Amino acid sequence: MKKTLLIALSLGVSMLATSSMAATIDPETDRQQFIEFFKAKNPNISPEEYINGAYVYSADKMAQWEAAEEFPPYLDAIDEGEALYNKDLAVYQKCFGSDVSKIRVKYPYFDEASKQVVTLEGAINKCRTDAGLKPYGWKKGPIAQISAYLADNARGQKIDVKIESDAALAAYNKGRDFFNKPRGQFNLSCAKCHVDNSGRNARSNTLSAALGHTTHFPVFRAKWQNLGTLHRRYEGCQKNIRAKPYKAQSETYRDLEFFQAYMSNGLEINGPGYRE
Amino acid sequence: MISKMKHLLAALAISGFVISTPITATAAEPSAATIEEGKKLAFSRSKGNCLACHAIKGGSMPGNIGPALVAMKLRFPDKQKLVDKIWGTPETQTVPNSMMPPFGRHGILTDDEVNTITDYIYTL
């Protein structure tokens, strides 16, 4: 019975995946189906738990991760981020206001004037260049540290991405399409690993669920030994499947982030996070 | 201009033909050395990396995305079908949302390597 349901659901998702960018695509229906899929796949895991990544699939790994999060390796990075933020405080306050706890939750959003998705990192650098300051590199270092500082101040708030125009819907559709389309030498899509086969192991690495993917970024990865942004992870993921990665903060990745963040609407922001 | 287009189309057609041509399974009984070579390719992370998804006797820390590679002769009475599956001919892509890369079609392995891996997998 369970198996039949799973098959029916996975067929549903694959049909979702292959259907063209029809005008009938409704993000909210997508999101509900997304959540229902993961509920059916693992009835014992509630949707809210997926913000903790692949660790939800293993009690052992969860215990190790929780131990690591008690004195997490990203604490210094948050302090660095705070210091950097305060160094150019007047500039940032002009862009983001004076309450640092109210910034992270606004991103990503679709800017109706420029018809582009604006990410937190994009907004930080735009704020800098508009004020005549040098922009930071996109993937690690200062930008990730400031992003971590702002995420930390927003912990517990809920992801709230809005789609309120046709142009925003088009950006969502582009991200959705990217997510579902197989690519690279290995012919893999985001969805194949992180929806259809989430919870399964590739060698000894557990594939995380796409639900909650954006909540805990930036992350301190043991593999990197430092903090990195979501788009840095996108690049790494694409290299893993032997696809040519796009540039961090390219329109493609910003649209993907927009789609992924929408899928995680209502989930708690818990960045920065520690990951293997 | 038109002749140039024709030229291009012909080139595309030819390359398309080459790319989509499946390879033929080795008919002769493979040698122990070939089977050993196939095992190396199958376990190698940068080549077959079969262990990423499949449990294989003698392989450590296998993934569990695909089925265990056991009773292969029973599951593939026709060895050619197994070659096609690993090479990645379109008609073998029948598992919905399969993670299995088309190893030959996408040039992850050479045709020889696909045959050598198949020789090994067929002993399982």
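Note that the structure is predicted; figures quoted are calculated from it, not measured. In what follows, chains are A, B, ... by sequence order, proteins preceding strands, each numbered from 1.
Heavy-atom neighbours of chain B within the stretch residues 254-271 of chain A, taken at a separation under 4.5 angstrom, are nonexistent. Along residues 203-221 of chain A, the residues that come nearer than 4.5 angstrom to chain B, judged on non-hydrogen atoms, are A:R203, A:S204, A:L207 in order of number.
A side-chain donor-acceptor contact under 3.5 Å links B:N64 to the backbone of A:N201.
Within 6.0 Å of the NZ atom in B:K40, the count of heavy atoms belonging to other residues, nucleotides or ligands does not exceed 12. Heavy atoms from other residues, nucleotides or ligands lying under 6.0 Å from NZ of B:K79 number more than 12. Counting heavy atoms of neighbouring residues, nucleotides and ligands inside a 6.0 Å radius, atom CD of A:Q225 exceeds 12 of them. Other residues, nucleotides and ligands place no more than 12 heavy atoms under 6.0 Å from the CG atom of A:D166.
B:F43 is linked by a ring pair (Phe, Tyr, Trp, His ring centres under 6.0 Å) to nothing, counting only residues two or more places apart in sequence or in another chain.
Every pair tested for ring pair (Phe, Tyr, Trp, His ring centres under 6.0 Å) that includes a residue from residues 103-124 of chain B fails, sequence neighbours excluded, so the list is empty.
Here A:Q185 contributes atom CD and B:I108 contributes atom CD1; the two are 4.5 Å apart, rounded to the nearest 0.5 Å.
When all heavy atoms are compared, the tightest approach of A:N197 to B:I65 is OD1-CG2, 3.7 Å.
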